[in-house]
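Take a look at the structure below.
Residue numbering restarts at 1 for every chain, and letters A, B, ... go by the order of the sequence lines.
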Protein chains: 4
Amino acid sequence: MFSSVIEPRFYETDTFGHINNTVITAWFETARTPIFKIFSPELDTNKLPLLLAHIEVDFAAQIYFGHNVTIKTCIEKIGNSSFYVLQQAWQKEQCVAKGRAVQVHFDFKTQKPSPLPEHYRSALSEHIGFDN
Amino acid sequence: MFSSVIEPRFYETDTFGHINNTVITAWFETARTPIFKIFSPELDTNKLPLLLAHIEVDFAAQIYFGHNVTIKTCIEKIGNSSFYVLQQAWQKEQCVAKGRAVQVHFDFKTQKPSPLPEHYRSALSEHIGFDN
Amino acid sequence: MFSSVIEPRFYETDTFGHINNTVITAWFETARTPIFKIFSPELDTNKLPLLLAHIEVDFAAQIYFGHNVTIKTCIEKIGNSSFYVLQQAWQKEQCVAKGRAVQVHFDFKTQKPSPLPEHYRSALSEHIGFDN
Amino acid sequence: MFSSVIEPRFYETDTFGHINNTVITAWFETARTPIFKIFSPELDTNKLPLLLAHIEVDFAAQIYFGHNVTIKTCIEKIGNSSFYVLQQAWQKEQCVAKGRAVQVHFDFKTQKPSPLPEHYRSALSEHIGFDN
């Protein structure tokens, strides 16, 4: 499991006085960075063979400015050429949002999904499920 | 059905040279504005009895800077106190992303979901499904 | 003079209930797009020989969600290898923000500023000053 | 002097492969948070008697994804009802951007600038100038 701490920024609030919902997908992308590093340790986007196919987020509670948010990220399952990422955002000991992202291993030359090589499957499988 | 035209902005691109995925949820929120106006014509957030409970997006193709994007928005179904919104982003005659948002009619005083009054149900039901 | 219309987006508001100040520099970048097109009509960033060296913004009044904003953009002056851009944001017939941007004509191969060729100077000079 | 560490986020890059320029003003706002806390320790925006009147940024070098950025923030000078904030962004031991922000002590009831009370002047004056 990966864990990232996000300090909410003032410009991320909206008129309702909370963090705007659209910001959460951006935070979740940010918290998937350790997964991107499995595919390109130096985060070289020219060598990052990944595509985002799907995201979903359940909003459980308001997220406030002024309190850190911890994003927990794990692998849910690994398919032939794609894998599922689960994410949770926690603030003040409450789970405020849950997300899922489907990343596809993609060959940009052929413009097609490509089977996940064994060393990536192995590295991803070390992060299956949330710690308790 | 509602239709909004978005002109992609340069700062919305990322290193991959396309519009960043996290921007799409922001565009989809923007394209739900006509629905928010059903609940508060003057977009007064103090009078907007809505909460976002869930979003999901399927990314179908890269979105490019330099070409307008049309967001089509319709109501999928209306529940007791919530309703589902379907959205599609089109660029150069291709559907590049599809989304769904679940909005909850919410009573901020009692902090509970609240049944959708008939006049809202009626207004929403005029926008069920995409035009062909 | 160039003129762009921006429809403020809900996620661009902040807790104060207005458009967040940091959004204005993003809008101003967006409104400089017609200037970028002078240098690359197809907005190909690989062929855009420009660097942003400086920006400044004076905030004159609150900017509200729910009302369009018109950004007026003109060239202030043209130097040897750089040029100054003036911008104004107008909402409800009030000038709500003024900005200046200094763009440098840059040779990315030598990594040095490069004198503005005559055809660019000529194209830029057609947009000096705001219309009355 | 205040110091904040920012981890650049992937969605903050643009097609040029660097952090987009408009993001810097957002980071600088974020790094002024400790100054906002002088006026409202709990960051209650209803009690924050400040307005942003002016910003300026000099961009000195490209800012890269994958390397932390340190923002240094100090008070430049204190006027009757306003104060100037100086900011520097550092990445890999290079100053990549410099900024100035003019904040106005504002009475939202009378909608006018208001002289800075002595306890605020005193608190601000402890942060004049950058440490060496």
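With rounding to the nearest 0.5 angstrom, the CG atom of C:Asn20 is 9.0 Å from the OH atom of A:Tyr11.
Residue C:Phe39 places its CZ atom among more than 12 non-hydrogen atoms of other residues, nucleotides or ligands, all under 6.0 Å distant. Heavy atoms from other residues, nucleotides or ligands lying under 6.0 Å from CD of A:Glu76 number more than 12.
The distance between the ring centers of C:Phe16 and A:Phe10 falls below 6.0 angstrom.
Distance alone, capped at 3.5 Å, places no donor-acceptor pair between the C:Thr13 side chain and the A:Asp14 backbone.
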